[in-house]
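Here's the structure we're looking at; comments come further down.
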Amino acid sequence: MASPESKKYDHKAIEAKWQKHWQEKGIYKTEDNSQKPKQFILDMFPYPSGEGLHVGHPRGYIATDVYSRKKRMEGFNVLHPMGWDAFGLPAENFAIKNKVHPSVAVNRNIARFKEQLSIIGPDYDWSREINTTDPAFYKWTQWVFLQLYKKGLAYESNEPVNWCPTDKTVLANEDVEPDGTCERCGTKVEKRPMRQWVLKITDYADRLLADLDKLPKWPEGVKEAQRHWIGRKEGIVISHAVENKDIVLDTFSAYPAWLFADTYIVIAPEHPLVEKLVAGTEYEKDVLSFAEEVKGTSEIERGAANKEKKGVFTGSYAIDPINKNSKMPIWVANFAMMGFGTGIIRCSSHDIRDYQFAQKYNIPLKEVVDRIDETQPIDAHLNQGVLKDSGIFSGQEITDELITKMVEHFISEGYGKKSKNYRIKDWVFSRQRYWGEPIPIIHCEKCEVVPVPEKDLPVLLPEVENYEPTGTGESPLASIDSWVNTTCPTCGGSAKRETNTMPQWAGSSWYYLRYIDPKNDQALIDVKKEKEWMPVDVYVGGDHATRHLIYARFWHKFLFDIGAVSTEEPFPRLEFLGFILAEDGRKMSKRWGNIVNPDDVVRQFGADAFRLYEMFIGPFESTVPWNTNGLVGTYRLIEKVWNLSQKEFSTKENTLLHKAIKKVSEDIENFKFNTAVSSLMIFVNEAQKEGIAKEDYKILLKILAPFAPHITEELWSSLGESESIHLSSWPKYDESKIIDETITIGVQVNGKLRGELTVAKDTPKEILEEMAKAIPKIQEYINNKKINKIIVVPGRIVNIVVEG
RNA sequence: GCCCGAGUGAUGGAAUGGUAGACAUAGGGGACUUAAAAUCCCCAGGCAGUAAUGCCGUGCGAGUUCGAGUCUCGCCUCGGGCACCA
């Protein structure tokens with residue numbers, strides 16, 4: 001462009017101008033009833049905290065923005081929405097402190113987040129913005145709960161939960177520090193049984209596990225974490241009669257080959273059979289006081305692996321059907337957990353923990369595989385060795401076949417049955433807090449539990465004077481008589497509303513569907529629209545490998561089962577992003593005073609340089625430290641592109657252009673944004689030296705546009721284009737222009753590089769061999785030596801293998 | 001303890017089994033400038049050498065291969081997840 005006087009690049013003016021323009025023209029609006037193919041590109045939506053964003057947060061948002069802009073240019077109808085996961089404890093704490101409604105803080109935080117996001121120029125269609133705390137949204141969260149209830153997948157139970165005596169509230173496991181104290185006040189957390197609503201996620205455990213294999217585009221690490229979280233283990237349950245008592249003890253064993261070694265039994269202190277075992281015996285007092293002591297400690301504290309193993313003998317013996325009805329002493333011990341297996345363990349010398357416990361209390365032991373190390377028995381987890389003292393199996397080596405045979409034998413003898421155990425437990429789905437979705441249930445004296453009729457949804461969260469927890473274990477909602485007291489929808493009699501609310505994870509378990517059909521008041525989602533948009537094409541986020549991604553998969557499968565959605569998995573492609581650390585290598589945190597604010601960076605370098613740097617900083621999935629200095633590099637790139645427009649265009653064809661198109665296209669597709677940016681740099685450096693033709697410059701602007709939407713739009717329009725560059729078409733590369741006419745290949749002797757050859761691209765093998773041998777330096781190395789062979793890899797290398 | 005990742009210049013990083021260090025930052029030198037900034041050009045893995053060049057070099061040790069940052073086995077370190085798991 002031959003501009004009479006050169007203009008300076010003013011990022012502030014340019015960015016403000018185009019951001020306003022895009023919003024006014026609505027160029028990013030998702031089309032209704034489009035003929036184009038769809039792309040649903042989704043970010044894990046944020047919790048709008050009071051702290052605002054730091055430079056680590058936008059990394060994922062910029063990535064989806066780059067991706068969706070490219071997809072739009074490629075001719076897709078793009079759905080790239082944003083919303084807010086706004087229920088949760090911080091807003092409630094703010095309300096308690098300041099005596100204002102949590103929505104006040106939430107709305108302020110959302111405004112702040114939106115402002116911070118907007119200055120980096122995202123292509124969100126804000127007309128589809130969602131907010132989990134909006135009654136029009138949580139109406140459908142409550143609706144899903146009702147469907148779960150109808151199918152028997154939501155039930156009441158008296159789960160022991162984490163209770164903080166100072167804050168007088170229930171805490172989620174994630175609110176408890178590893179040392180068993182409350183993260184807010186440092187008080188030791190207790191376990192208390194309390195009425196809770198629970199979702200039967202265990203009914204879906206097998207499908208959640210098996211269907212991970214249908215997700216090839218998920219990172220292996222995330223799938224592995226989910227497999228562990230579900231923690232399915234197969235084994236055998238053995239039933240034991242208790243001597244002189246009408247009690248049967250069931251134990252779960254995952255290593256059936258070692259069952260002959262077991263000599264004693266341990267039962268969890270909170271197991272309901274403990275009292276029955278010791279009732280009226282001389283052991284009763286000791287056992288019960290020990291059980292009380294253990295029950296007083298939280299699960300997390302008890303779970304600490306270094307916790308001392310303690311136990312008390314119950315005075316009873318179990319009859320072991322496997323070892324000729326020998327007697328196994330029954331102990332109560334702190335290392336047996338109700339949450340695993342049956343809460344009762346068959347113990348043996350072949351487990352380090354069981355072995356040490358037996359040594360401490362002088363319980364007789366037996367070994368079924370000879371020791372190798374004299375100091376300790378073989379560990380059963382190895383599952384190898386030759387059995388002894390194992391009845392008819394003595395003398396046999398432990399193999400998969402033998403294990404199968406042994407299990408069949410135990411079952412046919414009637415000792416027990418095959419069984420599965422899961423680490424995942426049913427999902428405790430109620431919180432005694434204010435700021436969450438009310439659980440849509442009514443408790444009637446006559447009809448007992450009655451679901452709120454769907455026509456009465458949403459059950460609105462009422463205004464309340466005091467957000468302080470009540471101390472009774474009920475949510476602050478319980479103190480609002482006018483809300484709590486209602487009539488039973490079934491019999492019309494007096495009834496009370498459920499005052500528990502849902503956990504933070506509820507809204508995020510289905511929110512993505514709401515973007516498709518954000519205004520629907522008649523159904524969770526319109527069936528036709530759902531079919532049009534689902535599944536999500538790319539889901540991008542980090543930090544939620546297990547909980548959110550398992551809960552959402554669970555709800556989605558349930559919605560599939562009731563016909564609300566057409567796909568079994570919501571997110572077939574997951575791109576997991578790495579964190580950005582502070583410049584000092586630590587996590588960005590108020591505590592360390594090392595937070596870098598994106599607003600400041602954008603003010604100094606502009607949104608385009610910021611976006612480019614966030615993509616250039618390192619591989620998308622890697623955790624990398626921030627370095628504000630690095631912005632200089634991407635700022636220079638932009639400036640070079642700007643300056644190209646201030647000079648005369650050349651008429652020459654640029655040799656690297658088509659390579660750049662190919663590289664940028666493929667790298668964006670594969671989320672390799674860092675190398676996409678570097679190939680843009682390589683091309684711009686060349687263009688700066690060699691000059692660039694106007695048409696090539698326009699192509700450069702197009703492939704840079706997803707990364708730097710503002711400056712490219714400005715330059716595009718200054719070239720006389722009237723339509724937005726972001727609605728232009730993505731360039732295609734010409735394969736013939738990617739192949740170099742002459743190439744330089746390395747010449748090795750015995751694998752060591754000794755020279756190079758610059759030749760025409762299709763030079764035949766034989767000629768390459770001759771040319772390589774003719775290089776004077778190569779001759780020094782092959783002189784007087786026998787050439788064993790010459791390896792020629794076309795376009796790559798010539799390797800001459802000589803003797804000696 | 002178990003399960004995933006990852007270890008490459010001063011730094012972030014690049015590299016379908018085929019010329020290791022692309023690209024970028026910081027650094028050194030130079031041009032321009034009254035000067036500085038900005039910009040542009042050049043240098044830059046280590047050791048030896050004036051140089052040509054040689055040797056070494058992708059956490060450590062073996063192996064496969066004509067050839068290994070890349071594949072295999074055994075370790076070490078760091079990051080993340082799970083953990084009295086029966």
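Each chain gets a letter, A, B and so on, in the order its sequence line appears, and its residues count up from 1.
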task = Answer yes or no: side-chain N or O of A:R796 and base N or O of B:U16 forming a donor-acceptor pair under 3.5 Å.
result =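 Such a pair is found, so the answer is yes.
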
message = So, under a plain 3.5 Å distance rule, would you say the side chain of A:K309 forms a donor-acceptor pair with the base of B:C84?
response =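 Side chain to base: pair found, below 3.5 Å.
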
With a 4.0 Å cut-off, would you call [X] and [Y] a salt bridge?
{"X": "A:K310", "Y": "A:E293", "result": "yes"}
{"X": "A:R636", "Y": "A:E639", "result": "no"}
{"X": "A:R611", "Y": "A:E614", "result": "no"}

May I ask you to say what [X] touches in the nucleic acid, namely base, sugar-phosphate or nothing, with a heavy-atom cut-off under 4.0 Å?
{"X": "A:E756", "value": "base"}
{"X": "A:K223", "value": "nothing"}
{"X": "A:Q688", "value": "sugar-phosphate"}
{"X": "A:I682", "value": "sugar-phosphate"}
{"X": "A:F620", "value": "nothing"}
{"X": "A:N685", "value": "sugar-phosphate"}
{"X": "A:K310", "value": "nothing"}
{"X": "A:T744", "value": "base"}
{"X": "A:Y255", "value": "sugar-phosphate"}
{"X": "A:P619", "value": "sugar-phosphate"}

Over how many whole Å does the gap from [X] atom [atom1] to [N] atom [atom2] extend?
{"X": "A:K659", "N": "B:C23", "atom1": "NZ", "atom2": "P", "answer": "13 Å"}
{"X": "A:L680", "N": "B:A22", "atom1": "CG", "atom2": "P", "answer": "18 Å"}
{"X": "A:L656", "N": "B:C23", "atom1": "CG", "atom2": "P", "answer": "11 Å"}
{"X": "A:E639", "N": "B:A37", "atom1": "CD", "atom2": "P", "answer": "16 Å"}
{"X": "A:Y635", "N": "B:A26", "atom1": "OH", "atom2": "P", "answer": "14 Å"}
{"X": "A:L637", "N": "B:C40", "atom1": "CG", "atom2": "P", "answer": "12 Å"}

A:S239/A:D250 under side chain to side chain donor-acceptor pair (under 3.5 Å): CA gap, chis, key distance, verdict = CA-CA 4 Å; A:S239 298; A:D250 286 339; 2.7 Å; yes

Check whether any side-chain N or O of [X] sits under 4.0 Å from OP1 or OP2 of [N], and answer yes or no.
{"X": "A:K752", "N": "B:U53", "answer": "no"}
{"X": "A:N799", "N": "B:G18", "answer": "no"}
{"X": "A:R227", "N": "B:C2", "answer": "no"}
{"X": "A:N643", "N": "B:C40", "answer": "no"}

query = Which of these nucleotides, B:C40, B:G13, B:G81, is closest to any side-chain atom of A:K640?
reply = B:C40

request  = Just compare B:U25, B:C82, B:U19 and give me whichever is closest to any side-chain atom of A:R423.
outcome  =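 For A:R423, the side-chain atoms sit closest to B:C82.
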
inquiry  = Parallel, tilted or perpendicular: which one describes the rings of A:Y361 and A:W331, with boundaries at 30° and 60°?
reply    =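 Rings of A:Y361 and A:W331: tilted, as their planes differ by 30° to 60°.
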
query = Hey, what do you get for OG (A:S665) to CG (A:N670), rounding to the nearest 0.5 Å?
reply = 11.0 Å

message = When the C1' atoms of B:C4 and B:G12 are compared, how many Å lie between them, rounded to an integer?
response =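 The answer is 24 Å between these two C1' atoms.
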
